[in-house]
Every structure is written in structure tokens, then in C-alpha cells.
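Position 1 is the first residue of the sequence, and the numbers go up from there.
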Amino acid sequence: MDASQVTFLALLFVLTANAQVIKPGRCPVPAVQEKFDAAQYLGTWYEIQKLPNTFQRGECSTATYSLNSPGVVGVLNRELLSNRTVSAITGTAVSKDPTEPAKLLVSFFENSPPSPYWVLSTDYDNFSLVYSCTDLGVLHMEFAWILSRKPSLSEETLEDLCSTLSSIGVSLDKLQTTNQDADYCSAMHQ
């Protein structure tokens, strides 16, 4: 094995050990929300389910979007950690291509490359289905979030959104349900 293969395998091991979803092949290119309107998307969304990732470790997760300036959406992600403290991170989201406004790029750290944030489906008032994928050569790493305007989502809507994820090859058995119990999450509102 040469050095690049060893490095690649080490990276793969670290990412897999940290509960990232890594699959063979390149990222799928699913259809996104037609005529996406960022202004209607603003406000708070509750995380209902997600694919596992290394950057979210808590429960009661929310994402709040605000308009920072024309074309720039402010992002505030919050979660309740196991020690009962609230963790928050801020960032920005922009659409590079005005013809595809549902394909956003999100940045949380200065000088770091942005990550895709594609709104596959939303009705703006109840649910949102978000997908992100990064190519890693012969593999890809994917993320998905099912969001709701309330701490819960109807089973019918959840099934429909899961069906959409399944149609692009997302492994539904990897989805994790986020605890949004009002009593447990009360520290988020203090």
C-alpha cells in the first residue's frame, strides 16, 4: 500500500468510527424544492430525525434561520447536551445559483469550505427535508435532516419524507430520532 491509500483508509476508519454515513460511489443528485422561497423558510425548525454525524451530539436540536442581508441567510443551530447545557453555533447560508435557490451552501467557520444544504421538499409551515452530500473520491459522505415547525411530525408526513430519502438511496435504518420531549427539552427555552 502506498501512503495515499493508507491515509485514505485511516480517514475512512475515523469517519466511520465517528458515526458518519459513508457509501461507495459519487453523491446522488436529487431533485430539490421547486421555486424555493428563502423568506418563507425563515424561522425556527425542530429536528425530528437525522443521519448520524460527528458535529451533533445533543438532543432537542433546532435550527433558526434569519435574513442577514439580501441573499444571505443567518443560521443558528442549538442542541441540548447530555450535561444539560445548551450548545449553539452560528453560520450563514447562501445560494450560489439563483436558478436553483434550494441548493444552499452553509458555512460555520471562517476560511472553511461551505457544505451543501439542499432543501429537497418543504411546505414552509410544517415540514422540511434537507440533504447534504460530499464526494470523497470513490466514496461519498451524506447527511439528512427531517425538520418540523413543531417538536413532532405526523407519521404520514414522516413516512412520505422517508420515502423520498429512500428513493435517492439513503439508508433509512441509519436515521436517528431526535428527542423533542417538552419536559426534557425545557432547558432549551430558559
Side-chain angles (χ1 to χ4, degrees), residues 4-5 7-38 41 45-59 61-63 65 73 75 77 79 91 93-97 99-108 112-124 126-149 152-180:
S4 64
Q5 289 173 318
T7 302
F8 176 76
L9 288 174
L11 174 64
L12 179 61
F13 175 76
V14 169
L15 292 173
T16 304
N18 284 312
Q20 298 290 137
V21 176
I22 299 173
K23 296 174 125 180
R26 298 192 55 79
C27 289
V29 183
V32 295
Q33 178 77 24
E34 289 186 23
K35 299 178 183 168
F36 178 71
D37 183 351
Y41 199 74
W45 292 92
Y46 294 84
E47 180 183 273
I48 304 302
Q49 290 187 336
K50 68 172 182 270
L51 285 178
N53 59 64
T54 58
F55 48 87
Q56 286 181 281
R57 295 287 184 205
E59 298 291 344
S61 300
T62 61
Y65 303 103
V73 174
V75 180
N77 289 343
E79 65 183 340
V94 296
S95 175
K96 271 181 85 171
D97 183 350
T99 66
E100 294 185 299
K103 291 184 177 181
L104 299 160
L105 292 172
V106 179
S107 299
F108 288 100
S112 68
S115 298
Y117 181 101
W118 290 11
V119 180
L120 302 187
S121 180
T122 186
D123 69 352
Y124 302 102
N126 299 294
F127 70 86
S128 178
L129 178 60
V130 177
Y131 181 73
S132 178
C133 190
T134 302
D135 282 315
L136 304 170
V138 298
L139 302 171
H140 66 274
M141 182 170 39
E142 61 187 2
F143 307 92
W145 295 269
I146 295 174
L147 308 174
S148 174
R149 289 291 190 182
S152 63
L153 197 57
S154 76
E155 280 300 316
E156 181 181 349
T157 302
L158 191 58
E159 286 175 16
D160 287 346
L161 298 174
C162 285
S163 177
T164 299
L165 288 174
S166 180
S167 74
I168 62 170
V170 171
S171 302
L172 299 182
D173 62 325
K174 303 276 188 199
L175 284 173
Q176 299 174 337
T177 299
T178 302
N179 184 352
Q180 292 289 359

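- Proximity of Gln20 to Asn53: side-chain heavy atoms (C-beta onward) are separated by under 4.5 Å at one or more points.
- Across Ser61 and Gln180, no two heavy atoms sit closer than the pair O-NE2, 2.9 Å.
- The shortest heavy-atom contact between Thr134 and Pro116 is OG1-CD, 4.2 Å.
- In this structure, the side chains of Gln56 and Glu47 come closer than 4.5 Å at one or more pairs of heavy atoms.
- With rounding to the nearest 0.5 angstrom, the OG atom of Ser128 is 5.0 Å from the CG atom of Leu147.
- When all heavy atoms of Cys162 and Ile146 are compared, the closest pair comes out as SG-CD1, 4.0 Å.
- Here the shortest heavy-atom pairing between Asn126 and Leu153 reads O-CD1, 3.8 Å.
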Could you walk me through whether Leu165 and Leu175 pass the side chain to side chain contact (heavy atoms under 4.5 Å, CB included) test, one step at a time? CA-CA 10 Å; Leu165 288 174; Leu175 284 173; 4.3 Å; yes
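- The shortest heavy-atom contact between Trp145 and Ser132 is CZ3-CB, 4.1 Å.
- In terms of modelled atom types and a separation under 3.5 Å, the side chain of Glu79 and the main chain of Arg57 share a donor-acceptor contact.
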Derivation of the side chain to side chain contact (heavy atoms under 4.5 Å, CB included) call for Val170 and Leu51: CA-CA 9 Å; Val170 171; Leu51 285 178; 4.0 Å; yes
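- A search for salt bridge (Lys or Arg N to Asp or Glu O under 4.0 Å) contacts involving Asp135 returns Arg26, not counting sequence neighbours.
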Would Phe127 and Ile48 satisfy side chain to side chain contact (heavy atoms under 4.5 Å, CB included), going step by step from the backbone distance to the final call? CA-CA 10 Å; Phe127 70 86; Ile48 304 302; over 6 Å; no
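- For the pairing with Gln49, the side-chain contact (heavy atoms from CB on, under 4.5 Å) check across Leu161, Thr178, Leu158 returns one residue only, Leu158.
- Using a 4.5 Å heavy-atom threshold, the side chains of Val138 and Pro24 count as separate.
- Using cut-offs of 30° and 60° on the angle between ring planes, the pair Tyr65 and Tyr41 is tilted.
- Side chain to side chain, Glu100 and Ser95 fail the donor-acceptor criterion of an N or O pair below 3.5 Å.
- Residues passing the side-chain contact (heavy atoms from CB on, under 4.5 Å) test with Ser107, sequence neighbours excluded: Thr92, Pro114.
- Side-chain contact between Lys23 and Ser171 is present, with heavy atoms from C-beta onward closer than 4.5 Å.
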Go through the steps to decide whether Trp45 and Val130 satisfy the test side chain to side chain contact (heavy atoms under 4.5 Å, CB included), and finish with yes or no. CA-CA 12 Å; Trp45 292 92; Val130 177; over 6 Å; no
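- Looking at heavy atoms from C-beta onward, Thr157 lies out of side-chain contact with Asp123 at the 4.5 angstrom threshold.
- Closest heavy-atom contact between Lys50 and Gly58: NZ-O, 4.3 Å.
- Side-chain atoms of His140 and Pro28, non-hydrogen and from C-beta on, do get closer than 4.5 Å to each other.
- At least one donor-acceptor pair closer than 3.5 Å links the side chain of Gln33 to the backbone N or O of Thr122.
- Between Phe143 and Phe55, the ring planes lie tilted relative to each other; the angle falls in the 30° to 60° range.
- Other residues, nucleotides and ligands place more than 12 heavy atoms under 6.0 Å from the NZ atom of Lys103.
- Using modelled atom types, no side-chain atom of Ser166 and backbone atom of Ser163 make a donor-acceptor pair closer than 3.5 Å.
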